Amino acid sequence: MIASDLSAFECVVPATVEEALRQRAETPGLSPIAGGTEVMVLLNEAKLQGRKFQSLHRLAAEWRYVRPALDGGLLVGALATYTDLRHLDHVSKHHPLLVEAARATGALQIQNRATIAGNIVNGSPAADTVPALMVYDARLRLVRSGGERIVPLSEFYTGYRKSVLAPDELLAEIILPPADFISQYYRKVGTRAAQAISKVVLAAARRGPDVRLAWGSVAATTVRTRRTEQAIAGGATADEACEALRAEIKPLDDIRSTGAYRMGVACNLLREFMVGATT
Amino acid sequence: MTSAAPPYRYVGHSVLRREGADKVTGRAIYIDDRATPGCLHAKTLRSTIPAGRIRAIHFPPHIPWHEFTIADARDLAENVVALILDDQPVFCDGIVRHLHEPILVLAHPDHGKAEEAVRAIRVDYDEEPGVFDIGPGPVMKSYRIDHGEIDAAFAESDVVLEGTYQTGAQEHVYIEPNGFIAEWKNGVATLRGSLQCPYYVHKAVMRALGLPAEKVNVIQETTGGGFGGKEDFPSVLGIHAALLARKSGKTIRLMYNRNEDMASSTKRHPSRSLIRTGCTRDGKLLALDFEFLIDGGAYSTLSAVVLSRGILHGSGPYRWKAARLVGHCHFTNSPPYGAFRGFGAPQSQFAIELHLSRLADQLGIDPAELRRRNFLHRGDVLPTGQILAEDPNLEAMLDRALDISDYHEKRKKPRGGGSGVGVSATLHGTGFTGNGEVYLASKVAVEARADGKATILVASTEIGQGTETIFSQMVAEALGIPIGDVVFHRPETDRVPNSGPTVASRTCSVVGRLVQRAAEQLRDRLSGASIADHVRRHGVAREEAVYTPPPGLVWNEDSYRGSAYGAYSWAIMVAETTVDPVTRAPKVEAIWNTTDVGTIINPVLAIGQMEGGIAQAVGWATCEQVVLRKGAMANGQMTNYIIPTSADAPSIVVEFMENPYAEGAYGSKGVGELPMDGPASAIVAAINHAADAGLAHIPATPEDLLS
Amino acid sequence: MIHTPIQFSLNGEKRSVAAHPMEPLLDVLRRECGATGTKYGCGEGECGACSVIINGELAMSCMIPACQAADATIETIEGLARDGELHPVQQAFLETGGAQCGICTPGMVLAAVQYIRHPERSPGGAAEALEGNLCRCTGYSAIFRAVELARSRMESA
């Protein structure tokens with residue numbers, strides 16, 4: 001029932017990371033596909049031009065893991081799925097917002113296949129895990145044939161669905177420093193209780209003067225509202241914090257909701273966070 | 001003839017769904033499951049403007065068009081989708097009247113190539129301004145009901161209240177999209193499809209292709225949901241597929257993907273109701289002035305009947321001293337709206353029920369109490385002049401619903417406190433309106449076979465509601481044979497008589513009554529012998545039954561007066577809703593329903609109808625929003641058109657109070673559509689309580705409540 | 001592009017099909033394997049009618065490209081009933097009215113089976129376990145009753 005003409009598409013299946021990176025160096029324009037929960041929808045609806053895909057599934061042996069880092073942080077392999085994240089004790093203990101974000105995404109079937117890396121690289125401002133990763137100051141290990149670099153998630157996006165990821169690079173690993181917060185908060189406001197694209201997402205955390213607010217679906221990319229963070233750290237009331245927020249984000253109308261609703265609910269989410277996070 | 005619970009072996013019992021084992025094992029064959037080796041895949045080219053003229057159609061040279069079969073209006077005997085007024089063309093006749101209007105169809109052995117080809121064709125248009133609101137466009141149809149002296153009734157009223165109420169379109173979202181397979185062999189078109197009404201498709205294909213009746217055979221495949229969305233719309237696919245089959249000589253597969261189905265298929269009519277009521281200070285209803293407007297889209301299709309059903313139910317289950325109900329359906333440049341469970345009655349009853357809840361608040365009377373003071377009783381006169389022959393016993397139903405829902409405690413919750421409760425009372429006429437059943441002249445047959453089994457021959461389709469099972473129960477009961485010896489023949493027009501469409505809450509009660517009669521006739525003919533013995537001695541036996549109207553049921557279509565329906569089903573709904581303080585999202589926590597649909601033939605199936613209909617009404621009231629751009633659905637994806645998931649489902653409690661109807665099969669009345677009529681108004685009343693709001697439209701969304 | 005041979009186990013049987021590597025597993029199952037019990041409902045990963053159990057996990061087959069099913073162990077609705085006997089979940093769906101039109105039923109039954117096998121994966125209970133399977137006919141009540149009925153029978157068996 002796929003609407004695409006498959007004869008316009010090809011696919012390579014590398015067996016190792018090394019092979020995958022070599023392919024990317026040799027063949028420009030290879031489209032990576034991991035869990036498939038984004039790409040296959042577009043393919044089913046004939047929304048993609050003909051191209052050559054590179055399926056990463058065989059790299060699971062090297063890249064599907066979630067393990068504690070030596071410094072008490074977390075290392076998430078690129079092919080770790082949402083389900084992988086949800087049921088690990090050390091994740092729910094130290095990085096609970098990731099668990100909540102994973103649980104709030106789609107449904108069980110999606111969580112079983114979709115990867116965190118895919119959620120990041122896909123670049124939708126409605127991505128459910130990116131606000132949590134941003135609050136945790138995630139860093140991304142980007143690899144290419146013959147080298148790698150670490151890019152902070154906060155510097156990864158350059159615009160709507162645009163990032164610094166080079167055509168020959170792959171996201172290999174997400175590195176999270178230890179999360180040491182007094183209060184943490186994640187709430188996704190969707191169109192229904194499950195299988196919902198978000199209207200607004202807030203991931204937030206606080207320890208004393210360290211206040212972090214990361215928002216989904218209110219801008220062209222997931223964003224930290226640093227002026228509002230500083231206002232709260234400086235002792236702003238909830239009303240003042242909302243005022244700062246209104247100056248910092250300008251959400252839009254779209255097919256799912258209105259800018260006015262998004263702004264109003266964003267303020268409510270901020271208030272809810274602040275009520276629970278007094279230090 | 002009536003139920004009153006005699007010791008029935010099958011009727012009244014939750015006999016397992018006859019085709020259920022096939023469904024739970026994946027063995028049931030739906031249209032897309034049929035293998036068609038060597039077939040061509042069909043695709044429809046649709047307009048990309050809502051109004052204007054086609055100037056030119058360009059077939060780009062990079063596509064090998066000789067590999068394709070292409071058909072358009074020139075290939076038709078008549079460019080019409082035959083239904084009622086016959087104003088809808090199969091293909092644009094040079095003039096475009098709605099977005100996604102079919103222009104031509106093509107077919108190719110490779111599905112992907114067919115898709116690419118349709119995307120590649122370029123059409124030049126002279127676009128014209130379109131009409132997208134109810135009102136500016138011409139009137140398609142009007143109806144008017146007058147009862148009593150309306151001006152005098154308003155004059156003697158203590159309290160007069162006005163209100164405007166709006167309901168949005170609703171998409172069916174049957175989980176199985178529309179699909180057809182067509183073959184052309186020796187001058188005969190054989191069609192298989194997902195559909196509710198094989199004879200509708202049969203008639204449409206005959207007319208469009210210019211074929212006599214015996215040259216068209218329409219076969220219903222297992223159908224994955226309809227809800228009215230597969231009442232008339234499949235005729236469009238049937239014609240398209242048959243045309244390509246004839247032109248190519250090959251088997252044609254025409255399967256809509258979800259996006260195409262949502263964008264182009266029929267939806268529930270949007271409505272706007274203007275209500276003015278007059279009553280005494282203590283809530284006795286005197287005067288009702290109801291203007292009911294619906295958006296019919298670009299072609300008439302079924303809109304006149306939706307309008308009719310709408311105003312006939314606009315007065316609700318109440319006595320009015322005087323009433324004036326006026327309905328208008330307007331043309332717009334939207335794709336034609338169509339049948340959806342309830343068929344106008346949910347729209348008009350949303351309005352009157354929400355209005356009465358508002359009125360109650362204004363009067364300082366409890367909304368349930370206001371209703372109780374005005375319920376219909378046997379002998380009361382309805383606005384069309386019908387004298388109600390049955391006793392609805394709505395007071396008892398209301399009492400029970402208020403009791404099981406703990407309504408009065410919930411009413412005490414503070415307005416705007418985040419939790420609220422609402423109530424509604426509704427009715428739904430069984431079967432076609434007025435002389436519709438006479439006009440249909442439905443016929444059924446029951447045959448005795450050599451192998452000792454009895455075959456049911458009807459055009460009524462199993463679409464999940466339980467047709468196959470309840471008819472098998474009725475026949476087994478009447479013949480006194482094991483239900484395993486009853487065979488429900490797949491509806492196909494070559495083999496089954498025309499028992500009318502599977503719509504209008506008529507299948508169980510009206511068509512079932514004919515099935516019961518035919519089976520009883522066969523029983524009498526057998527005179528105690530077994531089927532096998534009888535057939536051995538006398539050959540195959542066939543008994544038929546044709547619809548005759550119940551005695552005394554008189555309806556005048558010209559004056560629009562008389563008895564619109566032989567029987568009514570009744571329902572009380574209580575809805576409890578919360579509103580989240582942070583997101584302002586309304587959540588329907590629970591619905592309690594007491595209902596009378598006459599004799600229950602199969603409790604599990606009947607409960608399934610009520611629960612399923614209530615769930616659809618919950619969606620219609622809260623999260624289902626058809627976003628219209630240029631008059632057509634812009635959010636035609638499951639991602640963006642929101643129906644409830646299991647995580648959203650409210651708890652639903654259904655209780656039946658059986659009040660048998662002598663003329664219905666084993667005493668039954670209609671059940672399929674009634675559950676759609678009441679929940680939305682109760683839900684909005686509950687939301688208004690919970691949020692201290694004054695919403696008067698659906699869907700009632702979080703965006704409406706955050707301001 | 002040449003269709004490549006892809007091997008997987010389907011309901012315990014080894015299968016080898018020639019498919020385009022990007023062809024959805026749903027289409028491969030339905031067209032190449034004749035396993036039409038798994039249904040197309042949306043192609044967007046929203047309705048769950050295409051659900052299968054692959055390598056022990058519930059997934060939407062419309063979103064799995066054929067190349068990713070290589071060497072996988074796949075269970076579809078066809079593999080559930082053993083020797084003509086219905087699985088307790090199937091029997092329960094029949095008794096409670098959990099199947100009406102039946103098009104969501106194969107996916108819904110597999111989701112229910114998976115939930116009973118691994119309840120720990122859905123701390124929110126059946127409502128969470130089935131949230132990826134849309135039903136338009138039942139309102140879910142009869143489906144929840146079926147899950148409960150099957151679970152209690154399987155526990156006491």
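Every chain is numbered from 1 and lettered A, B, ... according to where its sequence line falls, protein lines coming before strand lines. The basis for the numbers below is simple: all heavy atoms, side chains too, and nothing from hydrogens, waters or symmetry mates. Keep in mind the model is a prediction, meaning the values are calculated, not measured.
- The minimum heavy-atom distance between C:Pro123 and A:Arg103, with the atom names listed, is CG-NH1, 4.0 Å.
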> Does the pair A:Ile2 and C:Glu23 meet the rule for a side chain to side chain contact (heavy atoms under 4.5 Å, CB included), with working shown?
Replying inline: CA-CA 8 Å; A:Ile2 183 168; C:Glu23 186 170 0; 5.7 Å; no
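- Separating the SG atom in C:Cys62 from the CG atom in A:Leu43 is a distance of 11.0 Å, to the nearest 0.5 Å.
- Between A:Arg113 and C:Glu57 there is no salt bridge, since none of the side-chain N atoms of the basic residue sits less than 4.0 Å from a carboxylate O of the acidic one.
- Contact between A:Gln195 and C:Glu46 at its shortest, heavy atoms only, is NE2-O, 3.0 Å.
- Proximity to chain A (any heavy atom under 4.5 Å) is shown, for C:Leu26, by neither the backbone nor the side chain.
- Expressed to the nearest 0.5 Å, how far CD of C:Gln68 lies from CZ of A:Arg58 amounts to 12.0 Å.
- Residue A:Ile33 touches chain C through both its backbone and its side chain, counting heavy-atom pairs closer than 4.5 Å.
- How far CD of C:Glu131 is from CG of A:Leu108: 8.0 Å, rounded to the nearest 0.5 Å.
- Of the listed residues (A:Ala193, A:Gly35, A:Ser55), the greatest number of heavy-atom pairs within a distance under 4.5 Å of chain C belongs to A:Ser55.
- Looking at C:Glu128 and A:Arg86, a side-chain N of the basic residue comes within less than 4.0 Å of a carboxylate O on the acidic one, giving a salt bridge.
- Atom OG1 of A:Thr37 and atom CD1 of C:Ile64 lie 10.5 Å apart (nearest 0.5 Å).
- In this structure a side-chain-to-backbone donor-acceptor pair under 3.5 Å is present from A:His57 to C:Cys67.
- Interface residue A:Ala34: only backbone heavy atoms are found under 4.5 Å from chain C.
- The two residues A:Ile110 and C:Gly45 come nearest to each other via the heavy atoms CD1-O, 3.6 Å.
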> For C:Arg121 and A:Thr83, what are the C-alpha separation, side-chain angles and deciding distance, and is it a side chain to side chain contact (heavy atoms under 4.5 Å, CB included)?
Replying inline: CA-CA 8 Å; C:Arg121 295 182 188 173; A:Thr83 297; 5.5 Å; no
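- A:Asn44 and C:Pro24 get closest at one heavy-atom pair: OD1-CG, 3.5 Å.
- Between the OG atom in C:Ser61 and the CD atom in A:Gln109 there is a gap of 10.0 Å [rounded to 0.5 Å].
- Between C:Gly132 and A:Ala107, the shortest heavy-atom distance links the atoms CA-CB, 3.3 Å.
- Counting non-hydrogen atoms of other residues, nucleotides and ligands closer than 6.0 Å to CD of C:Glu85 gives a total of 12 or fewer.
- One finds the OG atom of A:Ser7 at 7.5 Å from the NE2 atom of C:His20 (value rounded to the nearest 0.5 Å).
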